[in-house]
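Every chain is numbered from 1, with letters handed out A, B, ... down the list of sequences.
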Amino acid sequence: MAESLGSLKRTHNCAQLRVEDIEKEVILTGWVQRRRDHGGVIFIDLRDREGITQVVFNPEENSEVHEKAHGIRSEYVLAVKGQVVNRLEGTVNPNLPTGAIEILVSELKILNEAKTPPFMIEDGIDIAENLRLKYRYLDLRRPSVAKGFVMRHRVSTAVRAFLNGQGFLDLETPMLTKSTPEGARDYLVPSRVNPGAFYALPQSPQLFKQMLMVSGFDRYYQIVKCFRDEDLRSDRQPEFTQIDMELSFVDREDVMSLTEAMMKHIFREVLDVDFKESFPVMTYEEAERRFGLDKPDIRFGLEHIDLSGMMKGCGFKVFADVASKGGLVKAINVKGGATFSRKDLDDLTSYVGNYGAKGMAWIKVTESEWQSPIVKFFNDDEIGQIAEKTGAEVGDLLLFGADKPAVVNESLGMLRNELARRLGLVDKGTYSFLWVTDFPLLEFDGQAKRHVAIHHPFTAPLDEDMHLLDSEPGKARSKAYDLVLNGSEIGGGSIRIHQQELQQKIFELLHISEEEASSKFGFLLDALQYGAPPHGGLALGLDRIVMIMSGADSIRDVITFPKTQKASCLMTEAPSTVEPEQLTELNLALNLPKKETT
RNA sequence: GGGGCCGUAGUUCAGUUUUGGUUAGAACGCCUGCCUGUCACGCAGGAGGUCGCGGGUUCGAGUCCCGUCGGCCCCGCCA
């Protein structure tokens, strides 16, 4: 039977005691990691959040307590009182920080018993993820899992310390808010008091933080949950946490340098990593041209080489056609890649197929020849140009993409990352930040047949591109900036529009009617007329940052109770159906699709 | 919505293809007993299976076929 704690208040945690503490009377509490019962003496490894200490039950010292200890099993919860003693010579455990001492127990309380857990509570074992998630509270007891959450705490602590020191106010914004047309799908919450009306959970506190700038709070931050009802990925959960910031009277260099200082502070505090240099800054155009992606991993080379110019009118019709019709022909020179097998090349071809590439041409540069299915189409002059532009040398592998620019850039951009993984070009534990700036303001949505905002509709255009809004809005660039870490987008922001006329003009360009703008964003347009200061800000993905810093493969590893790919929680079994009365009260009726019967 | 991988003792897996066939194995864990210096304790013994679920083919299905549920990775979606 479980006992109450009584007077056994712990004096130390399970990672604390050392040789200096010998002869002290201490009380430890924790879980039973392992029991080694020798019939006579019994050893128990007692575990808490901090570590493990060996406790000993010796029948010659205390037979009553020793007898009681026979019933102890894995994961029982104990409080033990005893003396810190030196371990006998030759029995010191060098693998344990507390391995030089042990606790000779004089009093034992079994605070709780435990069923045999569905998996062993220890590191270095393989457990199916669905089992881990169902018993997440047990999974979180494993030291390597818990480690990520300790780091997460240290990151958010460092963020708060830094921003508090810079004069930021931590202000909360509503979780029950208004559904907005642009952006991701909203999570909706029905209003009981207002039949037929719904709140939306915030995709981010974007408009509220802008309102706070109009209010004159000047510098705001919040570590806040955001919600997006879109499909999940290993780095995407439906609810996630942003470090959300907004500042008044700033331009983008101010926001970027402050963010940079904060990231450096975090890495110094948490990982003891110092960044001496400023983070590199690259325009969107340069990122796409050199790496094919707007979030390039710049820890390795394999840069894209644009061959579109020389391919116009070349002997290989596929390339010539693409090049002359405004498409892109790009190559990557994989140094030493001539050793790739036919299967490697097939794998890579199907890999780029994921991103819309219809094929992938290749040339192996060997001692004797250019080995390739396409080399026969080129004349000597063309081969010479390819060699010169790509810097091809014996032993290299040239990979080609030719298609619409978007397809070539994305497929070769992702291919570049995949090649780096295969070739082992990146070490875990290296960190490389990059700012990407000068994004296009708008993007044409072929389906909706209108322009949509790349960042969001409140992003200011570059001053020098303002004149393009009337003539060629698609060419206007914005005051938006993204922060990239190791090829992952970890944050982004912009200088906002603080003038009502410009905001209205952007809504017009986005084909958001006056009525819609006024019904969805009326409060913003109003506020901009009451002395809105110039302002801008940024939001960072806390989960992604901690994931990268802790070396985790998935964002789930740094979220205490994450959801599966079908957005369900295996522990609570959310989401679930509700009682009909609850629906009635909300004036809701279900309209489920009928199951196909065949 | 689409593509791929996976589902067998509590857990991790083998067995499934190429050959459908008696009683589905291993390791760890668990239980019982023994054991006074272990730390992955040791020794002896034992229990434990809806082969994800449903249907079909067959004399016979873990194995073949169809459907379905669930987990993971990716595309679409999402900044």
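Note on A:Glu102: a base of the nucleic acid sits closer than 4.0 angstrom, heavy atoms only. A:Gly99 comes within 4.0 angstrom of nothing in the nucleic acid, heavy atoms only. At a threshold of 4.0 angstrom between heavy atoms, the contacts of A:Glu122 with the nucleic acid are absent.
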*Could you write nucleotides 27-32 of chain B as a row of B, S and -, 5' to 3', where a protein heavy atom under 4.0 Å of any base atom gives B, of only sugar-phosphate atoms gives S, and otherwise -?*
-SSSSS
*Reading nucleotides 72-77 of chain B 5' to 3', which nucleotides get B (base under 4.0 Å from a protein heavy atom), which S (sugar-phosphate only), which -?*
BBSBBB
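Contact annotation: A:Thr98 side-chain N/O to B:C39 OP1/OP2 distance is not under 4.0 Å. Side-chain nitrogen and oxygen atoms of A:Arg36 include none within less than 4.0 Å of the OP1 or OP2 phosphate oxygen of B:U38.
Using modelled atom types, no side-chain atom of A:Glu489 and backbone atom of A:Asp294 make a donor-acceptor pair closer than 3.5 Å. A donor-acceptor pair under 3.5 Å is formed between the side chain of A:Asp465 and the backbone N or O of A:Arg477.
A:Lys68 NZ: more than 12 foreign heavy atoms inside a 6.0 Å radius. Surrounding NZ of A:Lys563 are more than 12 heavy atoms belonging to other residues, nucleotides or ligands, all under 6.0 Å away.
Using modelled atom types, one finds a donor on one side chain and an acceptor on the other under 3.5 Å when comparing A:Gln210 with A:His535. Under 3.5 Å, the side chains of A:Ser432 and A:Asn486 contain no donor-acceptor pair of N or O atoms.
Closest to the side chain of A:Gln203, out of B:U38, B:A79, B:G71, is B:A79. With distances taken from any side-chain atom of A:Asn130 to the nucleotides B:U12, B:G71, B:C78, the minimum falls on B:G71. Which of B:C13, B:C39, B:G37 sits closest to the side chain of A:Asn58 comes down to B:G37. Between B:G71, B:A79, B:C39, one nucleotide has an atom nearer to the side chain of A:His455 than all others, and that is B:A79.
If you check B:G7 for Watson-Crick or wobble pairing at under 3.5 angstrom, you find it paired to B:C69.
A stacked arrangement is assigned to A:His38 and the six-membered base ring of B:C41, with a centre-to-centre distance below 5.5 Å and an interplanar angle below 30°. Residue-nucleotide stacking is present for A:Phe43 and B:U38, judged by a side-chain ring centre under 5.5 Å from the six-membered base ring centre and planes under 30° apart.
The pair A:Arg252-A:Asp438 meets the salt-bridge criterion, since a charged nitrogen lies less than 4.0 angstrom from a carboxylate oxygen.
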Please list, pair by pair, any protein nitrogen or oxygen found under 3.5 Å from a nitrogen or oxygen in nucleotides 42-47 of chain B.
none

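Ring-plane geometry between A:Phe279 and A:Phe433 is classed as parallel, the angle between the planes falling under 30 degrees on a 0 to 90 degree scale with a further cut at 60.
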